[in-house]
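The structure appears below as structure tokens.
Keep in mind that the numbers below use all heavy atoms, side chains included, and drop hydrogens, waters and symmetry copies. We're numbering straight along the sequence, starting at 1.
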Amino acid sequence: MPLSTQSQGDAEQYVLVASLDNARNLSNILKAITFKDHAIFSATPNGLKVTVEDSKCLQANAFIQSEIFQEYTIKEDSVGFQVNLTVLLDCLNIFGGSTAPGVSTALRMCYKGYGYPLTLFLEEGGVVTVCKINTEEPEEPVDFEFCSTNVTNKVILQSESLKEAFSELDMTSEVLQITMSPSQPYFRLSTFGNSGNAHYDYPKDSDMMELFKCTKTQTNRYKMSLLKPSTKALALSCKVSVRTDSRGFLSLQYLVRNDDGQICFVEYYCCPDEEVAED
């Protein structure tokens, strides 16, 4: 790859270097969590975690494992910085994010450490562009304290079925109500919009349901305005895990396959709007 020689001379100055033959594998996953300008990047030897938050009620995380990159070098246990995500995506798509077969933009992403910009070397068709994006000290992400030991209900669905549900439910509703139960209706999505109430039910033995593990009946409402950004991840994904914990907090985990068939994960956490009294 021509870029492998780019910036090689001062590679030892960088605390983080990550290279991709196809920049779209990064830009697509970042688009799935773009609903605010700023993103927190946390790099460890395992890979990159990119976090975006909205008013301590919603958090999205994209996980890009180190194996996805053609080159991934980190010289510290962890490296963190905050960047403007909109600017980063504009840079990644500087060549127009070509979707033509056989045409891809190669990326080499380098970071020297605290106070330095994030430097992108992008190459397509022999043309190399260098972008430098200012970094800031990362804020501490909100800890939603969502842990698997407190998960009360979990289902794994094929994403197609959730896309279908969202297309049929009334998105003018201010909330999405999710009911998960060991007995009927098992897994129900409800909206209360301009055209009246709508329900979308999934039988627990549905072909679209890959896992059904509900221990108690829970009905919670979530602000539709908070959930709408997650539909970007849904559009890219092939499977989605829906989990709720004992407090009614919602975790949506999306399994996303990139252009090369590799798997990345995008996770959204959302706090409940209000608890609905159970019948």
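Using a distance-only test at 3.5 Å, with no hydrogens or angles considered, a donor-acceptor pair links the side chain of Asp170 to the main chain of Ser195. Tyr72 places a side-chain N or O within 3.5 Å of a backbone atom of Gly47 that can act as its donor or acceptor partner. Under a 3.5 Å cut-off, the side chain of Gln82 and the backbone N or O of His38 do not form any donor-acceptor pair. Side chain of Tyr111 to main chain of Gly113: a donor-acceptor pair is present (N/O by atom type, distance under 3.5 Å, no hydrogens or angles). Between the side chain of Thr215 and the backbone N or O of Thr152, at least one donor-acceptor pair lies under 3.5 Å. Asn258 contributes no side-chain N or O that, together with a main-chain N or O of Ile263, makes up a donor-acceptor pair within less than 3.5 Å. In this structure a side-chain-to-backbone donor-acceptor pair under 3.5 Å is missing from Gln59 to Phe144. In terms of modelled atom types and a separation under 3.5 Å, the side chain of Tyr186 and the main chain of Phe212 share no donor-acceptor contact.
Neither Ile133 nor Ile40 shares a network with the other; the hydrophobic side chains, linked directly or stepwise wherever heavy atoms of I, L, V, M, F, W or Y lie under 4.5 Å apart, form separate groups for each. In this structure, Ile29 is a member of the same hydrophobic cluster as Ile94, with clusters built from ILVMFWY side-chain heavy atoms closer than 4.5 Å. Under the 4.5 Å side-chain heavy-atom criterion for grouping Ile, Leu, Val, Met, Phe, Trp and Tyr, Ile156 is not connected to Leu189 through any hydrophobic cluster. Under the 4.5 Å side-chain contact rule for hydrophobic residues, Leu88 and Leu236 share a cluster. Cluster annotation: Tyr222 and Phe166 are assigned to the same hydrophobic cluster (Ile/Leu/Val/Met/Phe/Trp/Tyr, side-chain heavy-atom contacts under 4.5 Å, transitive).
In this structure the side chain of Phe81 reaches within 4.5 angstrom of the side chain of Leu16, judged on heavy atoms. Using a 4.5 Å heavy-atom threshold, the side chains of Lys154 and Ser241 count as touching. Side chains of Tyr200 and Glu164 form a contact here, defined as non-hydrogen atoms less than 4.5 Å apart. Here the side chains of Leu252 and Cys270 are not in contact, with every heavy-atom distance at 4.5 Å or above. The shortest side-chain heavy-atom distance between Ser230 and Tyr254 falls under the 4.5 Å cut-off. Between Leu20 and Gln70 there is a side-chain heavy-atom pair separated by less than 4.5 Å. Contact of the Phe187 side chain with the Val242 side chain is registered, since non-hydrogen atoms from C-beta on lie closer than 4.5 Å. At a threshold of 4.5 Å between non-hydrogen side-chain atoms, the residues Glu139 and Glu53 do not count as touching.
When the shell of 6.0 Å around CD of Glu136 is examined, it contains more than 12 heavy atoms from other residues, nucleotides or ligands. Residue Gln262 places its CD atom among more than 12 non-hydrogen atoms of other residues, nucleotides or ligands, all under 6.0 Å distant. Few gaps surround CZ on Phe192; more than 12 heavy atoms of other groups in view lie less than 6.0 Å from it. Environment of NZ in Lys223: sparse, with no more than 12 heavy atoms of neighbouring residues, nucleotides or ligands closer than 6.0 Å. Lys132 NZ: 12 or fewer foreign heavy atoms inside a 6.0 Å radius. Heavy atoms of other residues, nucleotides or ligands lying less than 6.0 angstrom from CD of Glu174 number 12 at most.
Scanning both residues, Pro272 and Arg247, for their nearest heavy atoms gives CG-O, 3.7 Å. Between Phe121 and Cys110, the shortest heavy-atom distance links the atoms CE1-SG, 3.9 Å. Counting all heavy atoms, side chain and backbone alike, Thr135 lies closest to Tyr116 at OG1-O, 2.5 Å. Across all non-hydrogen atoms, the minimal contact from Cys264 to Gln65 is CA-OE1, 4.1 Å. Of all non-hydrogen atoms in Pro229 and Ser225, the two that sit nearest each other are CD-O, 3.4 Å. Shortest non-hydrogen contact noted between His199 and Ser190 is ND1-OG, 2.7 Å.
Counted by atom type alone, Asn150 and Ser246 present zero donor-acceptor pairs between their side chains at under 3.5 Å. Checked by atom type, the side-chain pair Asn25/Asp260 shows a donor-acceptor distance below 3.5 Å. Checking Arg188 against Thr179 by side-chain atom types alone, no donor-acceptor pair falls below 3.5 Å.
Separating the CG atom in Asn197 from the CD atom in Gln177 is a distance of 9.0 Å, to the nearest 0.5 Å. Atoms OG1 and CG, from Thr105 and Asn22 in turn, are 7.5 Å apart once rounded to the nearest 0.5 Å. Note that the CG atom of Asp201 and the OG atom of Ser206 stand 11.0 Å from one another [nearest 0.5 Å]. To the nearest 0.5 Å, atom CG of residue Asn220 and atom CG of residue Asp245 are 9.0 Å apart. In this structure, CD on Gln184 lies 9.5 Å from NZ on Lys204, to the nearest 0.5 angstrom. A distance of 10.5 Å separates CD of Gln218 from CD1 of Ile178, quoted to the nearest 0.5 Å.
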>> Set out, in order, the CA-CA distance, both residues' side-chain angles and the distance that settles side chain to side chain contact (heavy atoms under 4.5 Å, CB included) for Leu250 and Leu227, then state yes or no.
In response: CA-CA 10 Å; Leu250 178 69; Leu227 289 179; 3.9 Å; yes
> Yes or no on side-chain hydrogen bond (donor to acceptor under 3.5 Å, both in side chains) for Thr44 and Ser78, after CA distance, side-chain angles and deciding distance?
Replying inline: CA-CA 5 Å; Thr44 67; Ser78 64; over 6 Å; no
> Going through the checks in order, is the side chain to side chain contact (heavy atoms under 4.5 Å, CB included) test met by Phe63 and Asn46?
Replying inline: CA-CA 10 Å; Phe63 301 93; Asn46 293 326; over 6 Å; no
>> Go through it in stages, so that I can follow the logic: the residues are Lys232 and Lys31, the test is side chain to side chain contact (heavy atoms under 4.5 Å, CB included), and I'd like the CA-CA distance, side-chain angles, deciding distance and then a yes or no.
In response: CA-CA 7 Å; Lys232 293 178 183 175; Lys31 281 176 193 165; 5.7 Å; no
> Taking it one step at a time, do Leu176 and Thr191 satisfy side chain to side chain contact (heavy atoms under 4.5 Å, CB included)?
Replying inline: CA-CA 5 Å; Leu176 175 69; Thr191 52; 4.0 Å; yes
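Ion pairing between a basic and an acidic side chain is recognised when a charged N comes within 4.0 Å of a carboxylate O; Arg108 and Glu71 show such pairing. Taking a cutoff of 4.0 Å between a charged side-chain nitrogen and a carboxylate oxygen, Glu267 and Lys49 do not qualify as a salt bridge.
Between Tyr269 and Phe146, the gap from one ring centroid to the other is short of 6.0 Å.
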